Amino acid sequence: AAFSRSIGAVGSFANPYSMQWSFGVQHRTASGWMVDLGYAALRGINLPVYRNANQINLGALTAVQRSQIANTIREGKDTTALLQPLRRYPEFDSITISENIASSSYHSGQFRVSRRLDRGLLLDASYTFAKSIDNASDFNSGDPSEQVLDAHNLRAQRGASSFDVRHRVTVSGQYALPFKGTLLRGWTLNSVATMQSAQPFTPFLPSFDAFRNEAFNRPDVIGDPLAG
């Protein structure tokens, strides 16, 4: 028998909000360099996330239930008859709901040096070491890798944000052209170069998971599973 799927939202939404804090120190050296050291952080609370409220709770399965499901899979049979009664609402398949229960955190250390040199030259360089962590990076983006794998354990979803950039270096320079004519006076040349580390990604498998009756999973082995 076919089971219907539905989508909805929790009746009472908590408003998402964020908290930000930072501090910094600045010092000018005897040689004229301006040095800045800073720390900045952000905390996101009550962020939106989609999850399957009717997902089978694999963590609550007994040893007997796991054995029955495993035997059915080995026999190449459909596991729906075993799994459907284990859902909270057995008459439905998946029930996708939107809730404001996710969170995020961001911390960064920042270093910057700058100096105005002779002949109209200005140099500026900065480095940021940061880390962003959350359990719902791209809400409603449609990215399969962002799907919540275990709706009963949102903490397992927590990891580096999909937009996390650990290292970033920016170097810029400005040079005031030494022209004095009416048309050329006041012109400057500017140059900016930015280098940063790559953003993380979440590998996923579109293969069918007979234990959950869902076509989504994540690999749990790094390297060759057949090696030693």
Side-chain angles (χ1 to χ4, degrees), residues 14-51 99-150 153-176 188-205 217-224:
N15 287 328
Y17 66 94
S18 65
M19 299 180 291
Q20 304 178 47
W21 58 97
S22 63
F23 69 85
V25 294
Q26 187 178 76
H27 174 70
R28 182 183 294 275
T29 67
S31 58
W33 287 96
M34 184 66 73
V35 181
D36 295 88
L37 291 174
Y39 166 78
L42 183 146
R43 172 75 168 159
I45 307 294
N46 296 335
L47 304 180
V49 64
Y50 280 130
R51 69 182 183 93
E99 295 179 284
N100 286 0
I101 57 174
S103 62
S104 67
S105 65
Y106 171 83
H107 299 273
S108 69
Q110 303 165 2
F111 173 72
R112 178 185 177 188
V113 293
S114 61
R115 183 182 179 186
R116 185 174 295 278
L117 303 176
D118 297 335
R119 302 179 184 273
L121 181 62
L122 174 65
L123 297 178
D124 189 292
S126 63
Y127 168 70
T128 300
F129 175 71
K131 187 171 185 179
S132 179
I133 300 175
D134 61 44
N135 50 15
S137 283
D138 296 322
F139 171 72
N140 206 24
S141 68
D143 182 356
S145 69
E146 295 293 335
Q147 184 173 332
V148 174
L149 181 63
D150 187 351
N153 183 16
L154 197 59
R155 292 184 62 184
Q157 190 77 5
R158 192 168 183 82
S161 304
S162 61
F163 48 82
D164 176 54
V165 175
R166 198 61 48 86
H167 306 277
R168 175 175 288 162
V169 176
T170 301
V171 180
S172 64
Q174 182 183 87
Y175 177 63
T188 60
L189 293 177
N190 298 277
S191 178
V192 178
T194 300
M195 296 169 286
Q196 67 180 43
S197 55
Q199 295 171 295
F201 74 98
T202 302
F204 70 96
L205 302 174
N217 215 327
R218 294 200 178 104
D220 59 359
V221 175
I222 298 176
D224 186 356

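From a predicted model like this one, the values you see are computed outputs, not experimental measurements.
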Arg116 atom CZ: more than 12 heavy-atom contacts under 6.0 Å: no
Listed partners of Ser126 passing side-chain contact (heavy atoms from CB on, under 4.5 Å), at least two apart: Arg112, Thr170
Point-to-point distance, once rounded to the nearest 0.5 Å, from CD of Gln157 to CG of Leu149: 7.0 Å
Distance, nearest 0.5 Å, that separates CD of Gln26 from CG of Leu37: 10.0 Å
Candidate pair Thr29 and Val35, rule side-chain contact (heavy atoms from CB on, under 4.5 Å), full reasoning: CA-CA 8 Å; Thr29 67; Val35 181; 4.1 Å; yes
Set of side-chain contact (heavy atoms from CB on, under 4.5 Å) partners for Ser191, sequence neighbours left out: none
Atom pair CG/OG of Asn190 and Ser172 - distance to nearest 0.5 Å: 8.5 Å
Nearest-0.5 Å distance that lies between atom OH in Tyr17 and atom CG in Asn100: 11.5 Å
Ser162 (side chain) donor-acceptor with Ser137 (main chain) under 3.5 angstrom: no
Met34 side, atom CE; Leu123 side, atom CG - distance, nearest 0.5 Å: 14.5 Å
Where Arg43 and Ser105 come nearest, the two heavy atoms and their spacing: NH1-CB, 4.2 Å
Show me the donor-acceptor pairs within less than 3.5 Å that the side chains of residues 194-201 make with the rest of the protein, sequence neighbours left out.
from, atom 1, to, atom 2, distance (Å)
Gln196, OE1, Arg168, NE, 3.0
Gln196, OE1, Arg168, NH2, 2.8
Ser197, OG, Arg166, N, 3.2
Ser197, OG, His167, N, 3.0

Side chain proximity check, Asp164 to Tyr106, heavy atoms < 4.5 angstrom: no
Nearest-0.5 Å distance, CG of residue Asn15 to CD1 of residue Ile45: 13.0 Å
Nearest atoms (heavy-atom pairs only) where Asn135 meets Ala102: OD1-CB, 3.1 Å
Any Ile101 side-chain heavy atom under 4.5 Å of Arg51 side chain: yes
Side-chain touch Val25/His27, heavy atoms, less than 4.5 angstrom: no
Which residues share a salt bridge (charged side-chain N to carboxylate O under 4.0 Å, His left out) with Asp36, sequence neighbours left out: none
Which residues share a side-chain contact (heavy atoms from CB on, under 4.5 Å) with Tyr39, sequence neighbours left out: Trp21, Phe23, Ala41, His107
side-chain contact (heavy atoms from CB on, under 4.5 Å) partners of Asp118, counting only residues at least two apart: none
Side chains of Leu154 and Val148 in contact at under 4.5 Å (non-hydrogen atoms): yes
Minimal non-hydrogen separation, Asp134 against Ser104, with atom names: CB-CB, 3.5 Å
